Amino acid sequence: MSVLVVTGTGTEVGKTVVTAAVAAAALAAGRSVAVLKPAQTGVAPGEPGDVAEVRRLAGPVTGAELARFPEPLAPDTAARRAGLAPVGPEEIAQAARELAASHDLVLVEGAGGLLVRLDEAGATLADAAGLLDAPVLVVVQAGLGTLNTTTLTGEALRSRGLACAGVVIGSWPAEPDLATRCNLADLPGAAGAPLLGAVPEGAGALGPEAFRAAAPGWLGADLSGTWTAERFASEYAAGPYRG
């Protein structure tokens, strides 16, 4: 894949850290990488945004940001309140295609979830993925409640004819509870796509060298990593109920 769209089942699920991990693993595999952030919200002019964080953690990737809005809101709302033009799916697709012409992998990181509105017409990241005919990587939460949001996102992708590349757990806790451990087996069915990785809780706080060295071990082979769902699940297997 030359373009991979990265979305989440909601906000604060770890999209940026997962994007950085995917970028780091691809760089370690010798691929050139670009990261495109169509709409950066909640960051003032001159402040580092998600692209800067990916570059800090992953290393020498090409970064691009199409629009920036100061308030931490959905892109459509943030653009309207700031009196600025929104960014639409056609603009996103064009920018991704231009980056793909000179990079092995382009990661397009969305804001919030798949169907967050980009403009007043109701365009979403899903529309951009459709224009690009690009697979979508879904970053999910680890614990209770994730099966519902993962199922909804998977159904939204399928209803639009979009391919789900797989799911990655954005923050795997150091001490997973029963629901979290059971979700390892249940997430692929909820998503209708394979589990492709699990990034440990607090990974974004690692130093860049440690992050880059560890990233391939958090991701499966489809994402240039060495992680396997089977091996990981065996470490956290939830035994039968014996009440």
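Since the model is a prediction, treat every value here as computed from it, not as a measurement.
- Atoms CD1 and CG, from Ile92 and Leu125 in turn, are 6.0 Å apart once rounded to the nearest 0.5 Å.
- No side-chain donor from either of Asn148 and Thr151 sits under 3.5 Å from a side-chain acceptor of the other.
- Under the 4.5 Å side-chain criterion, counting only non-hydrogen atoms from C-beta, Thr153 is not in contact with Val140.
- In this structure, the separation between CD on Glu71 and CZ on Arg81 is 4.0 Å, given to the nearest 0.5 Å.
- More than 12 heavy atoms of other residues, nucleotides or ligands sit less than 6.0 Å from atom CD of Glu235.
- With Thr150 contributing its side chain and Ala191 its backbone, the two residues share no donor-acceptor pair below 3.5 Å.
- Looking only at side-chain heavy atoms (C-beta outward), Pro75 and Val116 come within less than 4.5 Å of each other.
- For Arg212 (side chain) and Leu57 (main-chain N/O), a donor-acceptor pair under 3.5 Å exists by modelled atom type.
- Trp218 and Phe232 have their aromatic ring centers separated by at least 6.0 angstrom.
- Between the side chains of Thr16 and Glu109, a donor-acceptor pair is found at a separation under 3.5 Å.
- Checked by atom type, the side-chain pair Gln94/Glu90 shows no donor-acceptor distance below 3.5 Å.
- Inter-residue side-chain proximity for Val22 and Thr19 is flagged as unmet; no heavy-atom pair is nearer than 4.5 Å.
- To the nearest 0.5 Å, the span separating CG on Asp127 from CG on Leu114 amounts to 9.0 Å.
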Margin query: Set out, in order, the CA-CA distance, both residues' side-chain angles and the distance that settles side-chain contact (heavy atoms from CB on, under 4.5 Å) for Val167 and Val139, then state yes or no.
Written below: CA-CA 6 Å; Val167 298; Val139 182; over 6 Å; no
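- Applying side-chain contact (heavy atoms from CB on, under 4.5 Å) to Asp50 and the options Lys37, Lys15, Arg55 leaves one that passes, Lys37.
- The side-chain heavy atoms of Leu195 and Trp227, taken from C-beta on, include a pair separated by under 4.5 Å.
- Side chains of Thr180 and Pro173 form a contact here, defined as non-hydrogen atoms less than 4.5 Å apart.
- Checking side-chain atoms of Ser234 against main-chain N and O of Arg231 turns up a donor-acceptor pair under 3.5 Å.
- Here the side chains of Arg160 and Leu115 are in contact, with some heavy-atom distance below 4.5 Å.
- Side chain of Asp119 to main chain of Gly122: a donor-acceptor pair is present (N/O by atom type, distance under 3.5 Å, no hydrogens or angles).
- Between Leu4 atom CG and Leu137 atom CG the span is 5.0 Å, to the nearest 0.5 Å.
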